[in-house]
Enquirer: 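Shown below is the structure under consideration.
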Amino acid sequence: MSRERAKRIALAPARENIDKIKKVVDEGNCYGAQQMYKSFGARYISGDRYLEALDIFHSGACIQLENGQVTCGVELAVLFVETLVKGKFPYDDDTLDRIRKIYRKFPRISVPQHLDLAEDDDMQGLSEALGAAKTRAEGCSSFLKAAIKWSIEFGARKSGSPEIHDMLADYIYSESPELDMAKVSYHFVRGKNPKNFASTLVNFMGKCYPGEDDLAVARAVLMYLALGNLRDANVLMDEMKKQVQFREVDFPRSELMELISYLLKTLQRDALPLFNMLRQRYKSSIDREPIFSELLDEVAEKFYGVQRRNQMPGMFGELFKMMSGD
């Protein structure tokens, strides 16, 4: 009997081992269970039983996250994705549902409010809560970014699964203690839900510092346009204008917003001279954020076929990588 065949026979069905490890978790030994999840998963992989390895890692990730063991849960979630790659599993709805199930197990815990920062106990509590929030956000991001890379390699669109991009954008916005709207926008524009993105931006507008609201809106619209997506850029703007009417939030008014409004109309027709005129007229507003000029260069190429000048190869992609956090 071959060694490989012996391995396959020696391993019990994954369900039996999943139930066995669950009992270890129920006994409060999450660390011991973690070693068992990893050990059994590796053995199924070595026996080319990838489906069962996926079952082990998926169950483990969900159970550990349910028990608040974020570091353990993240490790198993990433192993789940790595096994998808090793087993060459195609991108499909069933696997996307399994990824979504893990994602929904990630804790969502509010940072304590109304603390007296003069009190040592409150200060320590806040510090611990922020540290835990950062761990959760970074862990969820590492899992979902790995899943996006898998989706690109095994059948999703070139930029990766839009559903996973939406998950990542939502979690970064709602859970990260160090909010970076550029990263949030990077993933939302690669998603498929501009109306949800609009809700996120309106929420941000209600709590950001003065002068950040129009930058966030302009960045979002320009990112859509840099991908050639005029439809969702318009949906985003229309939806935000609807939503601010029902919330105590004012839609930003500035020269930058004038530029965005004119730009959306200009791109609906063949009007390169007008596009260039807008860039000159609103140069001071464009200069408020360095990425805006790069995005507009990409818009000119996408909509008018203008070759980018004095541009090092790959620089635009590198800028997007910085925003995505890769």
Side-chain angles (χ1 to χ4, degrees), residues 100 103-104 106-115 129 133 136-137 140-141 144 161-268 278 282 285-286 288-289 291-292 295 299 323-324:
R100 187 181 289 111
Y103 164 71
R104 287 175 175 167
F106 273 86
R108 293 176 180 263
I109 305 171
S110 299
V111 173
Q113 304 292 319
H114 310 299
L115 297 176
R136 292 193 301 273
C140 189
S141 293
L144 292 177
S161 165
E163 291 87 354
I164 302 176
H165 276 294
D166 279 333
M167 292 179 216
L168 182 50
D170 180 69
Y171 201 85
I172 292 173
Y173 181 75
S174 63
E175 299 301 313
S176 177
E178 300 171 352
L179 181 59
D180 186 337
M181 284 303 294
K183 290 182 181 179
V184 173
S185 298
Y186 174 91
H187 292 290
F188 264 129
V189 299
R190 285 158 177 75
K192 58 187 298 184
N193 197 337
K195 291 186 177 182
N196 189 35
F197 188 12
S199 297
T200 299
L201 284 169
V202 171
N203 179 275
F204 176 74
M205 286 156 50
K207 61 184 183 182
C208 66
Y209 290 110
E212 288 185 334
D213 50 0
D214 64 339
L215 287 175
V217 173
R219 187 189 304 114
V221 171
L222 290 174
M223 282 185 174
Y224 270 129
L225 296 177
L227 296 174
N229 191 348
L230 179 59
R231 181 197 64 188
D232 283 351
N234 277 302
V235 170
L236 180 78
M237 287 291 283
D238 292 343
E239 187 65 22
M240 280 191 292
K241 289 175 181 177
K242 288 179 187 175
Q243 291 191 24
V244 295
Q245 296 176 13
F246 303 102
R247 303 193 195 182
E248 295 181 0
V249 177
D250 293 325
F251 195 82
R253 296 179 181 274
S254 67
E255 286 197 349
L256 185 57
M257 287 295 91
E258 288 180 11
L259 166 64
I260 294 301
S261 179
Y262 289 139
L263 188 60
L264 289 172
K265 295 174 183 176
T266 300
L267 294 177
Q268 294 179 21
L278 289 172
Y282 292 96
S285 294
I286 294 168
R288 286 175 59 193
E289 186 161 308
I291 190 64
F292 286 171
L295 290 169
V299 172
M323 285 186 282
S324 73

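Since this is a predicted model, take the numbers as computed values, not measurements.
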Enquirer: Can you tell me how far the CG atom of D232 sits from the CE atom of M223, to the nearest 0.5 Å?
Expert: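 Atom-to-atom, D232:CG and M223:CE are 14.5 Å apart.
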Enquirer: Mind checking the OG-CG spacing from S254 to D214? Nearest 0.5 Å is all I need.
Expert: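 It is 3.5 Å, given to the nearest 0.5 Å.
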Enquirer: Can you measure from CD (E175) to CG (D170) and round to the nearest 0.5 angstrom?
Expert: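 One finds 8.5 Å between CD of E175 and CG of D170.
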Enquirer: Evaluate the ring planes of F204 and Y173, with Trp represented by its six-membered ring, and classify them as parallel (under 30°), tilted (30 to 60°) or perpendicular (over 60°).
Expert: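 Geometry flag for Y173 against F204: perpendicular rings.
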Enquirer: Could you walk me through whether F292 and L215 pass the side chain to side chain contact (heavy atoms under 4.5 Å, CB included) test, one step at a time?
Expert: CA-CA 10 Å; F292 286 171; L215 287 175; 3.8 Å; yes
Enquirer: Measuring from atom CG of L236 to atom CG of N229, what distance do you get when rounded to the nearest 0.5 angstrom?
Expert: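 The CG atom of L236 sits 10.0 Å away from the CG atom of N229.
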Enquirer: Could you please spell out the steps behind the side chain to side chain contact (heavy atoms under 4.5 Å, CB included) verdict for L168 and K183?
Expert: CA-CA 9 Å; L168 182 50; K183 290 182 181 179; over 6 Å; no
Enquirer: To check you understand the geometry: which heavy-atom pair defines the closest contact between V249 and G206, and what is its length?
Expert: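 That would be CG2-CA, 4.0 Å.
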Enquirer: Looking at Y186, is R190 sitting on its ring face, NZ or CZ under 6.0 Å from the six-membered ring centre and within 45 degrees of the normal?
Expert: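 Geometry flag: set, cation within 6.0 Å and 45°.
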Enquirer: Within the 4.5 Å heavy-atom criterion, are V299 and L267 side-chain neighbours or not?
Expert: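 Answer yes - side chains close enough.
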Enquirer: Can you tell me how far the CZ atom of F197 sits from the CG atom of D166, to the nearest 0.5 Å?
Expert: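 Going from CZ on F197 over to CG on D166, the span is 10.0 Å.
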Enquirer: Report the residues that fulfil salt bridge (Lys or Arg N to Asp or Glu O under 4.0 Å) with R100, sequence neighbours left out, ordered by chain and then residue number.
Expert: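 By the salt bridge (Lys or Arg N to Asp or Glu O under 4.0 Å) rule, R100 matches D97.
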Enquirer: Answer whether the closest heavy-atom distance between the side chains of P194 and E239 falls below 4.5 Å.
Expert: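 They are not in contact (no side-chain heavy atoms under 4.5 Å apart), so the answer is no.
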Enquirer: Would you give the length of the straight line joining atom NZ of K242 to atom NZ of K195, rounded to the nearest 0.5 angstrom?
Expert: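 The NZ atom of K242 sits 6.0 Å away from the NZ atom of K195.
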Enquirer: Might you point out which heavy atoms bring A218 and M257 nearest each other, and give the distance in Å?
Expert: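 That closest heavy-atom pairing would be N-CE, 3.8 Å.
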Enquirer: Do you know the tightest heavy-atom contact between V189 and Y224?
Expert: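 The pair with the smallest heavy-atom distance is CA-CE2, 3.5 Å.
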Enquirer: Could you tell me whether F251 atom CZ has more than 12 heavy atoms of other residues or ligands within 6.0 Å of it?
Expert: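 Yes.
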Enquirer: Which pair of heavy atoms, one from A137 and one from Y171, lies closest together, and at what distance?
Expert: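 Minimum heavy-atom contact is CA-CE2, 3.9 Å.
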Enquirer: Show your working on side chain to side chain contact (heavy atoms under 4.5 Å, CB included) between R108 and C140 and close with a plain yes or no.
Expert: CA-CA 11 Å; R108 293 176 180 263; C140 189; over 6 Å; no
Enquirer: Keeping the roles fixed (side chain from Y103, backbone from M167), state whether a donor-acceptor pair exists under 3.5 Å.
Expert: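 Yes; at least one donor-acceptor contact below 3.5 Å.
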Enquirer: State which residues pass side-chain contact (heavy atoms from CB on, under 4.5 Å) with N234; sequence neighbours excluded, sorted by chain then number.
Expert: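 Testing N234 for side-chain contact (heavy atoms from CB on, under 4.5 Å), a comparison that skips the adjacent residues, returns L230, L264, Q268.
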Enquirer: Could you tell me if the side chain of L278 sits less than 4.5 Å from the side chain of L259, heavy atoms only?
Expert: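 SC-SC contact between L259 and L278 confirmed.
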Enquirer: Side-chain contact, heavy-atom cut-off 4.5 Å: M205 with V217?
Expert: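 M205 vs V217: side chains touch.
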Enquirer: Show the numbers, then the answer: is there a side chain to side chain contact (heavy atoms under 4.5 Å, CB included) between L263 and V221?
Expert: CA-CA 10 Å; L263 188 60; V221 171; 5.8 Å; no
